[in-house]
Amino acid sequence: MIRQVAYGRAMMAGALGELAWVALTLLLRTLGLPVPDMVDPVGAVALPGGDPLLRWAVGLALHLAVGALWGLVYAYFVFSLLPLPPVLQGVAFAMGPLLLALFVLRPQLRLMLAGAVEAGLLVRPALSRQAEMIGVPAALFVGHLVWGAILGALYTHPTGYPAAKPPRLPAPKLSAPRDLIIPREQPPPEDRFMFATGIEGSYPTIEHGRWRMDQMQSCGHYTHWRQDLALVRELGLRHLRYGPPLHLVFRGPGQYDWGFMDAVCAEMRRLGIVPIMDLCHFGLPDWLSNFQNPELAPALAEFAGAFARRYPWVKLYTPVNEMYVCTKLSALEGVWNEQARDERSFVTAVRHVAKAAVLMAQAIREVRPDAIFINSESGEFFQPSTPDPHVQRIAAFENERRFLPLDLLYAHPVAETMRAHLREHGMPDEEYAWFMNQGDVHSRAILGVDYYVWNEKLIDSTGRAQTLGELFGWYVVAQQYYERYRRPLMHTETNHQDAREAPRWLWRQWHNVQLLRQAGVPIVGFTWYSLTDQIDWDAGLAVSRGNINPVGLFDLNRDPRLVGQAYRHLVRVFEPAMAGDPTLEQVLARAAAPRGDGGR
Amino acid sequence: MISMVRAHGLDPGPTQRPLSAGLLAGLAGALPALAILDSFGWFATLATLYGTTPAIAALLCTAGFSLSGAAYALVLGRGANDPLGGWLFGLACGFFLWMLVPVALLHWLPAWSGTSRPLLVGRPAVGLLLSALVWGSALGALFPPIHRALRAGIDPEPPEGARLGPEAATIPELGRAPEAGPPA
């Protein structure tokens with residue numbers, strides 16, 4: 001698959017454009033203008049000697065079909081690639097079919113009809129030379145303009161769906177008995193080093209809450225979920241980061257649609273997959289609005305508790321994925337959900353999200369006291385470009401900001417500048433104190449540090465952040481997080497947007513992990529994210545374009561990519577060496593020991 | 001289109017056999033296309049013009065369709081595997097093939113063979129376009145299932161020459177590093 005296309009919409013847009021063109025032609029001809037009929041000659045190719053009315057109807061049908069086909073071509077190869085508004089994109093695209101019509105199809109059509117004309121089955125309308133040279137090309141030009149404009153205007157949003165009209169999740173039949181989903185007594189698996197992947201499951205809204213970007217839907221997971229789970233095992237992997245589609249499962253206070261998750265969980269159990277359940281991934285159900293909602297934390301805690309009761313065998317959880325990225329893109333950069341762009345909104349979102357993560361962990365532990373929380377966070381770093389105090393101050397602030405949600409979650413005191421910033425933007429002292437008193441949350445926590453090529457940024461001389469690429473690498477960035485929180489680490493996300501570079505990136509990330517382990521940092525897992533390609537992450541899920549990002553271990557046809565084979569190779573080579581690693585419980589126990597007794 | 005395909009990864013993938021799948025899909029797509037060409041009198045016209053037999057003309061067409069199928073698979077790479085869009089890519093391929101080969105050749109051939117009018121007019125010309133479109137869409141639609149039937153499993157070891165193992169982390173363009181390790 002090279003593009004996610006809304007088939008029906010593309011065909012409809014192309015056909016409607018044709019219809020508008022034909023209607024315009026008819027109108028102008030009715031008004032007596034010398035506009036050539038574009039429909040009859042096409043019908044005459046199929047029915048050279050047929051009834052004129054029938055011939056015209058066949059011609060119209062062929063025109064509509066051709067318009068629909070060109071609509072699909074536009075959707076696959078041109079939509080969103082030109083830096084123009086949608087209507088102009090359609091018009092620009094229409095120039096291609098126009099040239100083909102003028103220089104290929106029209107002469108060929110004439111040849112095809114020549115036999116019928118010679119046999120007397122068809123009478124070619126006599127056109128003056130002026131009409132042949134100017135009138136017909138002009139009519140074709142205007143017709144294509146109309147067609148392209150309508151196509152461009154109608155074909156938008158190939159991925160996602162209106163947030164107010166979410167699809168119903170499929171409710172497949174269970175592939176295993178129900179007691180596989182809710183076992184009576186099941187000994188917890190002895191998790192050691194985790195080689196993992198993930199199903200990309202982001203679901204933020206854009207366009208001020210009107211449009212939902214649902215990666216599981218776009219990437220076909222709702223349809224191919226069973227195959228996806230099988231592919232995880234085919235690669236020799238056991239651990240899977242998996243996010244239940246919160247916005248479709250949690251349908252209101254106390255209302256859950258578990259059908260899909262029941263089937264998925266049963267299949268996971270059947271295949272021996274150990275899920276790391278990611279309960280909130282960049283979005284919220286429509287009824288919870290967005291991350292400015294103060295009711296968010298108790299609502300998500302209710303969901304987490306219900307989830308843990310429904311699937312008590314699940315031990316590994318990510319309550320809220322990448323809290324920093326989630327709040328920054330939602331409340332500071334104006335991309336997702338509330339799409340705010342101010343510090344107060346950002347601080348509000350961080351407060352709500354961090355509180356949600358705390359309450360969710362507590363709710364889960366009420367059901368499953370031995371649950372382990374893998375708090376996946378984006379590993380960020382900001383490098384000042386010059387000694388300019390302004391630049392230095394921005395970099396220092398951003399290097400504090402990146403820790404903020406984790407500081408609140410892990411009850412780690414924030415820097416004085418950040419404390420003042422929080423107070424200034426609406427965080428009461430009592431609330432800060434509440435966070436600092438939730439000391440037990442981190443006792444069962446593993447810190448996941450995600451890393452992509454854009455995670456390190458340079459604060460340039462104007463104070464703006466620019467992507468640096470891999471400057472210091474995961475080793476240095478992850479170590480900064482480790483030094484701050486002293487939690488066991490896991491590399492919880494990485495990938496590369498260029499499929500050809502991905503094997504190299506995989507091994508380089510892995511060597512970072514190895515080196516940090518050798519330095520004594522307890523690292524309990526590695527993740528290539530995700531199992532399949534993703535869609536529209538090249539634009540940060542800010543717009544619905546249907547662009548496929550070839551970052552997966554498999555493409556969206558579920559064919560392996562080179563990096564899939566490389567990862568399988570890596571796991572086979574290194575898994576035996578990891579067999580002697582301590583269990584997660586042992587790692588957590590060591591991390592809880594007084595400082596100096598840590599390490600692997 | 002090229003940038004789209006490139007972004008998607010030009011490699012056909014470690015488990016795919018694009019050449020075989022393309023040849024087979026091209027051949028399978030040729031069957032309905034040949035039937036259309038025959039019913040529109042194309043082979044008979046060609047045989048008359050060049051003093052050959054319709055069977056030889058049909059054989060040449062079959063070979064052409066099969067090779068074009070292989071070329072389609074090699075050019076489109078992983079994109080050809082798309083079960084949803086395959087028929088459309090194939091249709092486009094058939095259309096471009098019609099534009100590039102028959103249309104061009106059949107307009108040049110008259111000059112070459114000394115006739116003053118195009119070789120194919122009327123029904124055979126219609127048949128040519130129709131067959132190219134039918135062949136293309138059949139090729140594109142049949143390619144994904146044929147590819148799936150032919151593809152290999154994920155090998156435990158990377159194929160020879162594929163830089164998938166630990167050496168993938170290196171940058172060969174930078175040259176070989178000095179010998180490493182303790183002295184013997």
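In what follows, chains are A, B, ... by sequence order, proteins preceding strands, each numbered from 1.
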A:Met578 atom CE, over 12 foreign heavy atoms within 6.0 Å:
yes
Okay, A:Tyr7 and chain B: the region with an atom under 4.5 Å from a heavy atom over there is side chain
Once you measure the plane-to-plane angle for A:Trp507 and A:His511, does it fall in the parallel (<30°), tilted (30-60°) or perpendicular (>60°) bin?
tilted
Is it the backbone or the side chain of A:Leu69 that comes under 4.5 Å from a heavy atom of chain B, or both, or neither?
both
By a 4.5 Å heavy-atom criterion (distance strictly below it), what part of A:Leu100 contacts chain B: side chain, backbone, both, or neither?
side chain
Side-chain contact test, heavy atoms from C-beta onward, threshold under 4.5 Å: evaluate it for A:Asp228 versus A:Thr532 and give yes or no.
yes
Salt bridge (charged side-chain N to carboxylate O under 4.0 Å, His left out) pairs touching residues 125-151 of chain B, sequence neighbours excluded, are A:Asp559-B:Arg151
With a cut-off of under 6.0 Å to the ring centre and 45° to the axis, is A:Arg3 in cation-pi contact with A:Tyr76?
no
Measure B:Leu84 against the heavy atoms of chain A and call it side chain, backbone, both or neither at under 4.5 Å.
both
Most chain A-contacting option - heavy-atom pairs closer than 4.5 Å, from B:Leu91, B:Asn81, B:Leu129:
B:Asn81
Are the ring centres of B:Phe89 and A:Phe77 closer than 6.0 Å?
yes
Is it the backbone or the side chain of A:Leu570 that comes under 4.5 Å from a heavy atom of chain B, or both, or neither?
neither
Determine whether the side chains of A:Gln509 and A:Trp528 contain a donor N or O and an acceptor N or O closer than 3.5 Å.
no
Taking the inter-plane angle between the rings of A:Tyr451 and A:His491 on a 0 to 90° scale, is it parallel (under 30°), tilted (30 to 60°) or perpendicular (over 60°)?
perpendicular
Give the member of B:Pro166, B:Gly127, B:Gly85 that has the highest number of heavy-atom pairs under 4.5 Å with chain A.
B:Pro166
With only heavy atoms counted, which part of A:Val73 is less than 4.5 Å from chain B, the side chain, the backbone, both or neither?
both
Would you please name every residue forming a ring pair (Phe, Tyr, Trp, His ring centres under 6.0 Å) with A:Tyr222, sequence neighbours left out?
A:Phe260
Using a cut-off of under 4.5 Å for heavy-atom pairs, which of B:Ala168, B:Pro83, B:Pro144 has the most such pairs with chain A?
B:Ala168
Using modelled atom types and a 3.5 Å cut-off, is there a donor and acceptor pairing between side-chain atoms of A:Asn549 and backbone atoms of A:Gln497?
no
So what's closer than 4.5 Å to chain A heavy atoms on B:Phe95: side chain, backbone, both or neither?
side chain
List the residues meeting side chain to side chain donor-acceptor pair (under 3.5 Å) with A:Tyr155, not counting sequence neighbours, and say none if there are none.
none
Give me the contact list for residues 53-66 of chain B versus chain A, heavy atoms only, anything under 4.5 Å, ordered by residue number.
none
